[in-house]
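Throughout, protein chains are lettered first and strands after them, A, B, ... in sequence-line order, and every chain is numbered starting at 1. Remember, predicted model here, so these are calculated numbers, not experimental data.
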Amino acid sequence: MEYFAQQMINGVTLGSVYGLIAIGYTMVYGIIGMINFAHGDIFMVSAFVSLIVFIALLSIGITWIPLALLIVLIVSMAVTSVYGWTVERLAYRPLRASFRLAPLITAIGMSIVLQNYVQIVQGARVKPLPPVITGSYTLMEKDGFTVQISNMQIAIIVTTFILMIAFSALISKTSLGRCQRACEQDRTMAALLGINVDRTISLTFIMGAGLASVAGLMYLLYYGVIDFYIGFVVGIKAFTAAVLGGIGSLPGAMLGGLIIGLVETFWSAYFAIGYKDVAAFSILIIVLIFLPSGLLGKPEVEKI
Amino acid sequence: MTKNALTDALISSAIALALSVFMIGFRTTDAPGGLVLTYKIPLVISIVAVVFLGRLFLNLFWWRRPSSTKTKNRYFDILQVRWASGGISLHGITLLLAFALPLLLFVLNAKMNLGLPLRYWFDIATLVLTYIMLGWGLNIVVGMAGLLDLGYVAFYAIGAYSYALLAQHFGLSFWVCLPLAGLLAAVWGVALGFPVLRLRGDYLAIVTLAFGEIIRIVLLNWYQFTGGPDGLSGIPRPSFFGLPFKRYGDNTFHIFMGLEYSTLHRILFLYYLILILALLTYFVTNKMRRLPIGRAWEALREDEIACRSLGINTVNTKLTAFATGAMFGGLAGSFFATRQGFISPESFTFIESAIILAIVVLGGLGSQLGVVIASVVMIGGFELLRNMSWLKLLFGEDFDPSLYRMLLFGLAMVAIMVWKPRGFISSREPTILLKEKTQ
């Protein structure tokens, strides 16, 4: 029971990180209907930016952790947003009117570019960072087994929860959110009604990149090691989460993230750790067999 | 105008600054006691300067010119028409070139005294042909049936492991294993096809991707059976109808043929082997295109609902597409295993699937010639980048061109797609039309 509770906490933490990245996938898919393969690598770039800024801050003498982390978060969000915008501008916008597979190929191309770019400029070695946020609370203690939740885990879960609420409000309440939903439904009609479609799409990419950068910072602090390949590993899982939840749906992305995180954690805890990805992908395939548009996705109604 | 150009250049350089200041300006390096930063500020300044000046130049001189009425470059399209109609028999020329390539290289080498490393060139040609075959195989699934498959490499892996395991455990020869590997891959193709029958578009893409990853992870973890990350080594080499390519022995290829032993024999044999396998893929695909099943694939690609309304069995159509595509992937896989003599899950990562898909899409969906062009450009071209040591003269001793190979590969993918969104050869016409199209 205690072991189960501990794994539950770990799973929810991992699921939150996946969920945050999955939102980026799902928003982009919702608005332009393409798989943004480079999103995982944007997340990876953000983790690197966070690491660099954090070390730079320490080296110039800002050692009060909350302040340092705040600066890291702001800088990394800004820089990552520029990356997100640039990728959209260079690789996707010229192909807006093209057929479906063209932006998919440029997205894969961009993913290759970002991975190799980071490998060249930062090296292929794993980058370690000693724990920054330490301390934990003991929730239960029985027979010498303690169930703990660390401050870092609390920070991740709370941040994700707040961002999730903020984003839902942004999409449903603000005029930007209305523009996004309009573009989602019908881009031509939205343009006719005076919505700047290109700008809305760019902002969507910027928002997705911003969320990815929060996830990047959290990943860096939680795991303490990053390399140029995490973008693919985590990105593919987050994308699975987005599809599992029903691509295009914000709560779906979060739900999918949690499910994938929990499945992965429990599988590693109770069965073979080597096959945890197989478990995650199998859940996806099984769910899609019965619900072809994901858990919370709207079934596609085709009109002839 | 000048002011606009200046603002634009300033904005661009600001973006370049934001992109590069942390990622390029600082480099994290290991040091005792954690990571430290080394600074590369001059590099950032030069990048920003180049972007600023370049953008300014483009704005002032290049983009200002009135856009002339460009005559569209129809070269590739004309090529396609000729290829399809077989007018000048482009088939014949390409085929002849492929068959005569080794001879050509030999003669050139001897006459011009180029001193080419022949082995290296044949290896590249073999590699390109492997990708052409894979491209043609995937073309059946993606180009003809319109089913987006991001896990094609799984079938390549299944073919390779089938051959390796069958040959090692049962001592079967390559020629027995080849059809078996193809068959096994086809069975797996159907196994993948079943759960995804109801899925559309991108849901299909992610499931096929997941399938590819599952296969790779299983190969990586099933240590007793597949050797795990160590892979399988000592895979038997192919023989020329029972005659092995060995230096010593009683009944070897060179003794039978009365030739002097040369390692090139095997390389040449492998080249022709993959050439024949690729041609088999080509002809079978072309034949199937004209059969009812091929028509059904193309109909499915164009409109699934219409397809169903007309009484086409979409289940069978999809499954045969997956199975046929997978079979050719499997054949190519067993060729890969016998050529390398060693396989490990490393060779079957997602990036391979992405490269094969890129070849199909860059070539032009559904176009056979496009796959050839794209393979030659993307695989052959980038293989040549591997040893461009002359670049060291340009950029200094510590410049490693092979490091930039994949970066350039990705950039080329983006650039080609933006330049020609429909691929090199952009024809996606159904092979049969009710009425002749009015041009």
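Annotation: the span from B/Leu357 atom CG to A/Leu101 atom CG amounts to 6.5 Å, rounded to 0.5 Å. Rounded to the nearest 0.5 angstrom, B/Ile206 CD1 and A/Leu284 CG are separated by 6.0 Å. Rounding to the nearest 0.5 Å gives a distance of 8.0 Å between CG of B/Leu209 and CZ of A/Phe239. Taking OH of B/Tyr203 as the reference point, atom CG of A/Leu291 lies at 10.0 Å (rounded to 0.5 Å). The OG1 atom of B/Thr29 lies 9.0 Å from the CD atom of A/Gln122; values are rounded to the nearest 0.5 Å. Rounding to the nearest 0.5 Å gives a distance of 6.5 Å between CG of B/Leu148 and CD1 of A/Ile35.
The greatest number of non-hydrogen atom pairs below 4.5 Å with chain B, out of A/Thr240, A/Ile112, A/Leu90, is found for A/Ile112. Chain A forms more heavy-atom pairs under 4.5 Å with one residue of B/Met417, B/Arg216, B/Met413 than with any other, namely B/Met417. Chain A forms more heavy-atom pairs under 4.5 Å with one residue of B/Val207, B/Leu199, B/Leu362, B/Leu408 than with any other, namely B/Leu199. The choice from B/Ile215, B/Val218, B/Leu220, B/Leu407 that makes the most heavy-atom pairs within less than 4.5 Å of chain A is B/Leu407. No other option in A/Val278, A/Leu58, A/Val118, A/Val53 has as many heavy-atom pairs under 4.5 Å with chain B as A/Val278. Of all the listed residues (A/Val75, A/Val49, A/Ile247), the one sharing the greatest number of non-hydrogen pairs under 4.5 Å with chain B is A/Ile247.
Heavy atoms of B/Leu43 lying under 4.5 Å from chain A are absent altogether. Proximity to chain B (any heavy atom under 4.5 Å) is shown, for A/Ile52, by both the backbone and the side chain. Interface remark: B/Ala412 contributes no atoms to any contact with chain A (heavy atom separation under 4.5 Å). Contacts between A/Ile286 and chain B at a heavy-atom distance below 4.5 Å are absent for every atom of the residue. If you measure heavy-atom distances from A/Pro130 to chain B, you find no contacts under 4.5 Å at all. When heavy atoms are compared at a cutoff of 4.5 Å, A/Leu114 does not approach chain B at all. For A/Phe54, no part lies near chain B; criterion is any non-hydrogen pair under 4.5 Å. For A/Thr80, no part lies near chain B; criterion is any non-hydrogen pair under 4.5 Å. Interface residue B/Val418: backbone and side-chain heavy atoms are both found under 4.5 Å from chain A. Heavy atoms of A/Ala272 lying under 4.5 Å from chain B are absent altogether.
The shortest distance between side-chain heavy atoms of B/Phe194 and A/Ile289 does not fall below 4.5 Å. Proximity of A/Phe232 to B/Ile351: side-chain heavy atoms (C-beta onward) are nowhere separated by under 4.5 Å. B/Ile15 places a side-chain heavy atom less than 4.5 Å from the side chain of A/Trp85. The closest side-chain heavy-atom distance from A/Tyr117 to B/Ile24 is below 4.5 Å.
Surrounding CG of B/Leu310 are more than 12 heavy atoms belonging to other residues, nucleotides or ligands, all under 6.0 Å away. Annotation: A/Phe290, atom CZ; neighbour count of heavy atoms from other residues, nucleotides and ligands within 6.0 Å does not exceed 12. The neighbour count for A/Arg89 CZ, taken as heavy atoms of other residues, nucleotides or ligands under 6.0 Å away, does not exceed 12.
The two residues A/Ile105 and B/Ala358 have their closest heavy-atom pair at CD1-CA, 3.9 Å.
Panel note: side chain B/Asn221, backbone A/Gly274; a donor-acceptor pair is recorded below 3.5 Å.
Less than 6.0 angstrom separates the ring centroid of B/Phe350 from the ring centroid of A/Phe37.
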